[in-house]
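These notes are about the structure you will find just below.
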Amino acid sequence: MFTKPDIHSNWHLIAAGLLLGCHPAAAQVGLGLSPMRMELRLAPGASYSGVLRLVNEGELVRVRTSILDFHLDAEQNPQFEPDFAEEAAYSCRTWLTVNPMEAELNVKGEIPVRYTLRVPTDAQPRSYYCATGFTSQPTASEANGMGIRTAVRAVAAFYVVVGNPVVEGRLSAISIERVPESKDWRAVVVLENSGRMFYRPAGNLAVLDPAGGVIESHDFTPLPVLPERKQRFLFPLKQVVDGQPVTLRVRVDVGTGEIQEGTLVVRSAGAAQ
């Protein structure tokens, strides 16, 4: 069995605000969660228990726990819902229990959150994933429709590998497109996962001038490419302007230890071949 904490940060916050009234300010709300990612290798029929640390970074707050499915959309944004039917074959949501399901956190306080994953005896060899979220609940004044209602959600993701599924990934496509609602350009690299094991790419995209010099370079964000899909990776281009001839070169390891390389020649930004 292995566990792997997140390599970038111990905190993951998703916040949304909804204007409900005319109060000049809202109560300060902030939640922290650590670790934000757990990766486990478990056998069919096995179970694993652990503890998350939920921290209140603001005023007194009540939080409600949810168990979630998730995926990444075409803009690399994680989408969380109580049930994504399309993720059913790879979801560990029904394996996960969390305690408490609702709690009150004092000002600058924290609580331990205990979780258990129980793998069914008939679980097939593949990688599975799910999440638990902790969402702040409205105060009494907010519930009565006064002031600004601010909801904050902290999320921890779980990845469970059963058996020994192999990574089956490849560099599928390279393109260039406008950033939505902007005149700027971005490169789009599509990585395919035809297998049943998620992977995180490592590598970079380089923008080359006609002489082969590097104009700019961007590393892949190590987001997961989930099983049986194609995932877009986006690279904002700061040095590419309309009419500029460049070559986009991608070198990426999808987790097999081999570097895959591909190029796209852009005769003039806006006309790639």
Side-chain angles (χ1 to χ4, degrees), residues 1-16 29-42 46-57 61-103 105 110-120 123-124 126-137 151-162 165 193 196-200 221-229 231:
M1 177 187 71
F2 68 88
T3 64
K4 184 176 181 182
D6 184 78
I7 61 176
H8 297 294
S9 168
N10 286 330
W11 311 103
H12 187 202
L13 300 179
I14 298 175
V29 178
L31 296 176
L33 186 62
S34 176
M36 62 169 279
R37 188 177 86 206
M38 291 296 295
E39 296 186 4
L40 307 166
R41 188 177 292 274
L42 299 172
S47 65
Y48 178 87
S49 297
V51 178
L52 305 174
R53 175 171 165 255
L54 182 63
V55 178
N56 178 16
E57 299 171 339
V61 64
R62 175 165 290 277
V63 297
R64 184 168 295 162
T65 305
S66 54
I67 298 176
L68 307 164
D69 284 335
F70 70 88
H71 63 240
L72 274 68
D73 66 18
E75 293 294 314
Q76 300 183 146
N77 298 316
Q79 302 295 324
F80 298 95
E81 292 291 345
D83 181 11
F84 277 132
E86 63 271 28
E87 304 297 335
Y90 294 95
S91 175
C92 60
R93 177 174 48 82
T94 60
W95 308 356
L96 179 63
T97 57
V98 180
N99 183 46
M101 291 300 289
E102 190 162 336
L105 280 79
E110 64 177 76
I111 61 170
V113 178
R114 293 171 174 81
Y115 66 87
T116 298
L117 282 155
R118 295 180 176 86
V119 183
Q124 298 301 302
R126 64 184 60 185
S127 59
Y128 299 83
Y129 43 90
C130 56
T132 184
F134 304 89
T135 306
S136 62
Q137 300 301 300
V152 176
R153 181 167 65 179
V155 180
F158 297 86
Y159 298 84
V160 181
V161 178
V162 177
N193 185 350
R196 297 181 176 180
M197 175 68 185
F198 79 93
Y199 64 83
R200 299 179 189 275
T221 303
L223 297 171
V225 182
L226 300 175
E228 296 188 292
R229 74 199 63 204
Q231 181 64 51

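Throughout, residue positions are numbered sequentially from 1 according to the sequence presented.
Contact annotation: the side chain of Pro82 never approaches that of Ile67 to less than 4.5 Å [non-hydrogen atoms, C-beta and beyond]. Residues Leu68 and Arg153 meet the side-chain proximity criterion, which asks for heavy atoms closer than 4.5 Å. Put simply, the side chain of Val160 does not reach to within 4.5 Å of the side chain of Tyr48, judged on heavy atoms. Residues Leu52 and Phe134 meet the side-chain proximity criterion, which asks for heavy atoms closer than 4.5 Å. Looking at heavy atoms from C-beta onward, Asn193 lies out of side-chain contact with Gln231 at the 4.5 angstrom threshold.
Arg229 CZ: more than 12 foreign heavy atoms inside a 6.0 Å radius.
Considering all non-hydrogen atoms of both residues, Ile111 and Ala103 come closest at CD1-CB, 3.7 Å. Here the closest heavy-atom approach between residue Cys130 and residue Leu117 is recorded as SG-CD2, 4.4 Å. In this structure, Val55 and Leu105 approach most closely via the heavy-atom pair C-CD2, 3.9 Å. Smallest separation of non-hydrogen atoms from Pro227 and Ser127: CG-OG, 3.7 Å. Scanning both residues, His71 and Leu226, for their nearest heavy atoms gives CA-CD1, 4.0 Å. The heavy-atom pair separating Arg200 from Pro224 by the smallest distance is NH1-CD, 3.4 Å.
Checked by atom type and distance alone, the side chain of Gln137 pairs as donor or acceptor with a backbone atom of Thr135 at under 3.5 Å. Side-chain N or O atoms of Thr65 include none that pairs as donor or acceptor with a backbone N or O of Asn99 at under 3.5 Å. Of the possible polar contacts, none joining the Thr116 side chain to the Val98 backbone as a donor-acceptor pair under 3.5 Å is found. The backbone N or O of Ser66 lies less than 3.5 Å from a partner atom in the side chain of Thr132, making a donor-acceptor pair. Looking at Ser91, its side chain never comes within 3.5 Å of a backbone N or O of Asp69 through a donor-acceptor pair.
Atoms OG1 and OH, on Thr97 and Tyr115 in that order, are 11.0 Å from each other to the nearest 0.5 Å. Here CD of Glu57 is found 7.5 Å from CG of Leu31. Values are rounded to the nearest 0.5 Å.
Aromatic ring orientation, Tyr90 versus Tyr129: parallel (interplanar angle below 30°, classes split at 30° and 60°).
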For this session: Could you give me the CA-CA distance, side-chain angles and deciding distance for Glu81 and Arg93, then say whether salt bridge (Lys or Arg N to Asp or Glu O under 4.0 Å) is met?
Result: CA-CA 11 Å; Glu81 292 291 345; Arg93 177 174 48 82; over 6 Å; no
For this session: Begin with the C-alpha distance, continue with both residues' side-chain angles, and end with the deciding distance and a verdict on ring pair (Phe, Tyr, Trp, His ring centres under 6.0 Å) for Trp95 and Phe158.
Result: CA-CA 11 Å; Trp95 308 356; Phe158 297 86; over 10 Å; no
Problem set entry | salt bridge (Lys or Arg N to Asp or Glu O under 4.0 Å) between Arg126 and Glu228, intermediate numbers included | CA-CA 11 Å; Arg126 64 184 60 185; Glu228 296 188 292; 5.6 Å; no
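For the pair Arg37 and Phe198, the cation-pi test (distance below 6.0 Å, angle within 45°) is failed.
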